[in-house]
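Step one of this worksheet: look at the structure below.
The sequence lines fix the lettering, A, B, ..., with proteins before strands; numbering per chain opens at 1. Quantities reported herein were computed from a predicted structural model and do not represent experimental measurements.
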Amino acid sequence: MTIELEQHIDPKLFSILEKVSDPEIPVLSIMDMGVVRFAQMVNNIAQIKITPTYSGCPAMDVIGDDIINAFSQENIEAKVSLVLSPAWTTDWITPRGRKALEEYGIAAPLEEDADKEALLGNKKIVKCPQCGSTNTKMISQFGSTACKALFQCEDCLEPFDYFKCLK
Amino acid sequence: MKKENLIQYIYGIADNALILGQRLSELCGHGPNLETDIACTNMALDLLGQTRSYYQYAAHLSGEKVTEDDIAFLRTERQYKNVLLVEQPNTNFAYIITRQFFYDVFHLLLLQELQNSKDETLAAIAKKGIKEVSYHQRFSSDWIKRLGDGTEVSHQKTQEAVNDLWKFTDELFQLTEEDKNAVELGVGVDVSLLKEKYYQIVGEVLEEATLSVPELKWFRKGGKEGIHSEHMGYLLSDLQYMQRTYPNMKW
Ligand SMILES: [Zn+2]
């Protein structure tokens, strides 16, 4: 386990990495998710470092395999390792990633303070990805995965996942 | 810090996450409703994820032949350093939530200190864990309040759980020899200093939940030295079954 402070991505590797998607949210590339922290060619091997969204995120093993496959299709050998620090934050999801989440039916994370108010049920501010109403309520702090909470829209009545703010 | 001491220190933290994670995993498909079932298994996943990070580090320190799986599945009961609290069995939901709450409050205080460790890897695991455990504590505290300040039955069952599990809380703050060594070197956390804050937070939530704080003055301990309660053997036989039956099996 190494400590990497900055994101170092070789632009030539970007397009390959962009083809790899988050297995839980297929519309979202791992680049838009912000989990790739390092990608450089070292001695003809693509060295890729990824960071988990949550410690127990089962998607990480799959993402690692998918990266190796994506590179092997380009006849490039890749090595994937995990870095824990700095810890992933929802701020690293790109604006395009947030849009993809919304279109997929997952409400994108709010800012930290707003997130707290929403999860405590103090304010109705989480927007329903189906109809856009903010007349929504939390059903459960934990949704289909640890990174999401379960909400329901009180206007269109659809349940939906809200991606929790993580800082 | 001596390698062997550091490894033992890591077990002292990680085993709590493994065993509580195992207890929560047992609830998969058995939660009182779908949302709580998912919440409990999500927390289990967080804890097992943290456990993996710790064990991978310990395995790395132990040398090439040791893997995280060896540490998780092939130690004997006495070699697990978890506190007695986390190995207590799942009975009713009030009991499960109280066990969780008692550990979450401690866990968050511990990680908040561990993130300042001179050991970079431990600090990184702690920083990551804080974000997750904050959600756990919010979840269990909310439930303590809902159950305590709920119906007559839920109040009574939660008070019983609080009374019964209280005797396991003091062990959280005991320093083992590895702890003392790790504290001296700036690697570990002096858990004895977390005690006051812990009982203050727990007391506030219990009060809001209209539950009373037990006046118990005797406490049980032993887990940190590997002396576990009867429940631990059953838990381990479940946890280790596959590796013991089919040695070296892989998914
Ligand atoms: Zn709606």
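Within 6.0 Å of atom NE2 in B:H155, more than 12 heavy atoms from other residues, nucleotides or ligands are found, so the atom counts as buried in its surroundings. Heavy atoms of other residues, nucleotides or ligands lying less than 6.0 angstrom from CD of A:Q40 number more than 12. Within 6.0 Å of NZ on A:K167 lie more than 12 heavy atoms contributed by other residues, nucleotides or ligands. The 12-atom threshold is not exceeded at CD of A:E111, counting heavy atoms of other residues, nucleotides or ligands nearer than 6.0 Å.
Contact record, A:L84 with B:K128: O-CD, 4.4 Å, taken as the closest heavy-atom pair.
Looking at A:T51, neither its backbone nor its side chain comes within 4.5 Å of chain B, counting heavy atoms on both sides. Within the 4.5 angstrom heavy-atom criterion, atoms from both the backbone and the side chain of A:K164 approach chain B. Both the backbone and the side chain of B:L45 come within less than 4.5 Å of a heavy atom of chain A.
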Please report the C-alpha distance between B:R138 and A:K116 in whole Å, then the side-chain angles of each, then the deciding distance to 0.1 Å, and finally whether the side chain to side chain contact (heavy atoms under 4.5 Å, CB included) criterion is met.
CA-CA 10 Å; B:R138 207 188 290 170; A:K116 216 165 251 173; 3.7 Å; yes

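Relative ring orientation between A:F142 and B:H136 is described as tilted, the plane-to-plane angle lying within the 30° to 60° band.
Listed by sequence position, B:E35, B:I38, B:A39 are the residues of residues 17-40 of chain B in contact with chain A, using a 4.5 angstrom heavy-atom cutoff.
The pair B:K131-A:D115 does not count as a salt bridge, with every side-chain nitrogen at least 4.0 angstrom from each carboxylate oxygen.
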Taking only distance into account, with no hydrogens and no angle test, what donor-acceptor pairs under 3.5 Å do side-chain atoms of residues 117-127 of chain A form with protein atoms, sequence neighbours excluded?
residue, atom, partner, partner atom, Å
A:E117, OE1, A:N122, ND2, 3.1
A:K124, NZ, A:E154, OE2, 2.8

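Although no hydrogens or angles enter the test, the distance criterion places a donor-acceptor pair under 3.5 Å between the side chain of B:N42 and the main chain of A:G143.
The closest side-chain donor-acceptor pair between B:E120 and A:S85, if any, does not fall under 3.5 angstrom.
In this structure, CZ in B:F139 is found 6.5 Å from OG in A:S140, a value given to the nearest 0.5 Å.
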